[in-house]
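Some notes on the structure that comes next.
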Amino acid sequence: MTSLYDADLAVVAGAQRLRFFPLAPVSGHGARLVEADGRELIDLSGAWSAAGVGYAHPRVVEAVERAVRRMPGVGVLSATNPEAVALAEELLAITPGGPARRVYLGHAGSDANAAIIRSVRAAGDRPRIMTFEGSYHGGLGPAQHVSGLHVAAGVERDPGLVLVRYPDLGGVGARLAEGDVAAVIVEPILSDGGVVIPPAGFLTGLADLCHRHGTWLVADEVKVGLGRTGRLHAFEYDGITPDLVALGKSLGGGLPLSAAIGPAGILDAAEGSSLLTTTGNPVAAAAGRAVLRILAEEELPARAARLGVGLSAGLGELRARHDQVADVRSRGLMGGIELTGASTAAKVVFRAYQLGAVLYYVGPKSNVLELTPPLVIDEADLDRALDILDTAIADVAAGRVDDAAVAPYRGW
């Protein structure tokens with residue numbers, strides 16, 4: 001009998017595959033994924049943070065079932081629906097900013113950031129967008145074209161892109177002084193760029209520079225936002241209020257959903273410029289509203305801060321025990337383990353999968369293990385997953401993972 005994974009290889013386009021091992025779950029619950037033979041794996045990736053409230057959260061399931069039975073249209077393109085409007089209102093309520101603001105509802109961080117890029121250019125006469133080396137703002141279109149990392153072969157960067165080293169405020173200030181940058185897009189923690197946590201005050205300094213030079217500041221919270229760092233928004237650590245905010249991944253509770261939040265003068269400037277038929281989908285919006293309630297009522301940001309203390313300690317122990325670990329860093333339930341090389345990282349995530357944990361590697365050198373588990377992960381599973389990582393690193397160091405076994409999985 002053909003396995004689910006082999007069947008996938010036969011029919012699913014390679015253009016949308018990024019595989020590290022033969023993971024083929026048939027169900028999930030909480031912070032665990034279940035394969036066809038019943039084996040359960042602890043998911044330290046949270047599906048790249050998209051499963052922020054875990055898999056099949058009962059409140060998300062209930063909201064989706066209710067919404068799909070009503071189905072008042074499919075989006076907000078040429079009509080509206082109650083769930084989309086309510087979600088937009090709730091997002092405005094939890095995101096700081098001025099009184100006259102709007103919300104773009106999308107499917108993924110890519111289109112939310114793309115809508116922002118188009119809008120800030122339409123709202124003024126400045127053509128350039130500044131981002132940072134190692135940044136990742138989307139896998140398609142304008143958002144991919146301004147990313148500093150993982151630009152696909154053959155894809156040209158935006159001709160108006162200005163790339164600056166992260167977190168180099170001196171470089172930012174010098175370039176903004178030229179007066180042609182419409183917006184700076186920044187990740188409060190560089191995620192795919194290697195889980196780089198900037199020094200305290202970086203975002204404050206960046207906000208001050210943007211204000212001084214009349215440049216919009218965009219916080220890309222797609223992966224690091226909505227409770228992961230121990231605060232609802234990661235930018236809160238520096239106490240700033242960005243001009244625009246992009247949300248995604250965990251916002252949908254497993255469904256495709258994103259949002260861009262910002263001044264009406266910007267997001268209304270190019271009416272009809274970001275048209276997708278099913279954005280503002282009432283089922284996805286209902287899931288998003290459930291996620292916001294779960295975050296607040298289950299106090300998941302505070303829970304992430306508490307569990308993050310244990311995560312930080314566990315990562316420190318891994319660094320002390322293994323020569324292959326060059327550095328560790330974390331904030332809340334986001335962690336990074338920098339290894340000595342890409343081949344080591346590829347083997348560690350493969351071995352961890354064999355032992356029962358799911359995580360991936362990131363970074364310009366593909367050598368940083370990224371930990372973004374569901375915020376509902378229990379302490380025992382987190383400890384068990386760190387033990388698995390401990391064993392996986394030791395097994396790789398001892399030569400127990402064959403190059404040929406890892407070779408079929410391209411990763412980054």
Side-chain angles (χ1 to χ4, degrees), residues 12-19 48 104 106-168 171-172 174-187 190-194 196 206 210 213 215-223 243-244 246 248-249 256 258 260 262 266-267 269-270 272-276 279 342 360-368 370 410-412:
V12 174
Q16 63 184 131
R17 287 201 302 262
L18 182 68
R19 304 291 171 78
W48 296 102
Y104 165 88
H107 292 316
S110 293
D111 66 294
N113 279 321
I116 287 173
I117 292 164
R118 292 190 183 103
S119 296
V120 295
R121 282 174 162 162
D125 57 2
R126 296 185 178 188
R128 298 196 177 276
I129 302 294
M130 179 183 288
T131 64
F132 292 88
E133 294 175 4
S135 64
Y136 183 70
H137 302 293
L140 290 170
Q144 182 185 38
H145 296 172
V146 302
S147 293
L149 187 71
H150 302 320
V151 177
V155 175
E156 295 183 2
R157 285 202 165 105
D158 189 308
L161 174 63
V162 176
L163 274 177
V164 180
R165 186 169 56 87
Y166 187 95
D168 179 12
V172 170
R175 191 59 188 79
L176 291 186
E178 297 185 28
D180 59 352
V181 176
V184 176
I185 307 177
V186 64
E187 294 169 272
L190 211 59
S191 52
D192 290 74
V196 180
L206 184 61
C210 287
H213 294 289
T215 301
W216 303 108
L217 178 60
V218 182
D220 182 345
E221 297 256 334
V222 171
K223 183 181 279 189
D243 297 298
L244 297 105
K249 293 195 184 292
S258 65
I266 297 177
L267 292 179
S273 64
S274 297
L275 301 178
L276 295 172
T279 52
Y360 307 112
Y361 56 82
V362 296
K365 298 179 181 178
S366 296
N367 68 325
V368 179
E370 183 184 66
R410 178 174 177 268
W412 283 118

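Bear in mind that the values here come from a model prediction, so they are computed numbers and not experimental data.
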Do R121 and D158 pass the salt bridge (Lys or Arg N to Asp or Glu O under 4.0 Å) test, and can you show the C-alpha distance, the side-chain angles, and the key distance before you say yes or no? CA-CA 13 Å; R121 282 174 162 162; D158 189 308; 2.9 Å; yes
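- Looking at residues two or more places apart in sequence or on another chain, you find a ring pair (Phe, Tyr, Trp, His ring centres under 6.0 Å) between Y360 and F20, F21, W48.
- Taking every heavy atom of both residues into account, D220 and I185 meet most closely at CB-CG2, 4.2 Å.
- A distance of 7.5 Å separates OG in S135 from CG in L161, rounded to the nearest 0.5 Å.
- Counting all heavy atoms, side chain and backbone alike, I129 lies closest to A182 at CD1-CB, 4.4 Å.
- Residue S366 comes nearest to Y361 through the heavy atom pair O-CD1, 3.4 Å, listed as atom of the first residue, atom of the second, then distance.
- For Y136 against L149, the heavy-atom pair with the smallest separation is CD1-O, 3.8 Å.
- Closest heavy-atom contact between A246 and N113: CB-OD1, 3.3 Å.
- Pairs engaging residues 127-146 under the salt bridge (Lys or Arg N to Asp or Glu O under 4.0 Å) rule: R128-D180 [sequence neighbours left out].
- Contact between L190 and Y166 at its shortest, heavy atoms only, is N-OH, 3.7 Å.
- Note on E221 versus K249: no salt bridge recorded, every NZ/NE/NH1/NH2 to OD/OE distance being 4.0 Å or above.
- T215 and R126 are linked by a side-chain donor-acceptor pair at a separation below 3.5 angstrom, with hydrogens and angles left out of the test.
- A salt bridge does not link R118 to D111: none of the charged side-chain nitrogens sits closer than 4.0 Å to a carboxylate oxygen.
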For a side chain to side chain contact (heavy atoms under 4.5 Å, CB included) check, start with the C-alpha distance between S110 and Q144, then their side-chain angles and the critical distance, and finish with the verdict. CA-CA 7 Å; S110 293; Q144 182 185 38; over 6 Å; no
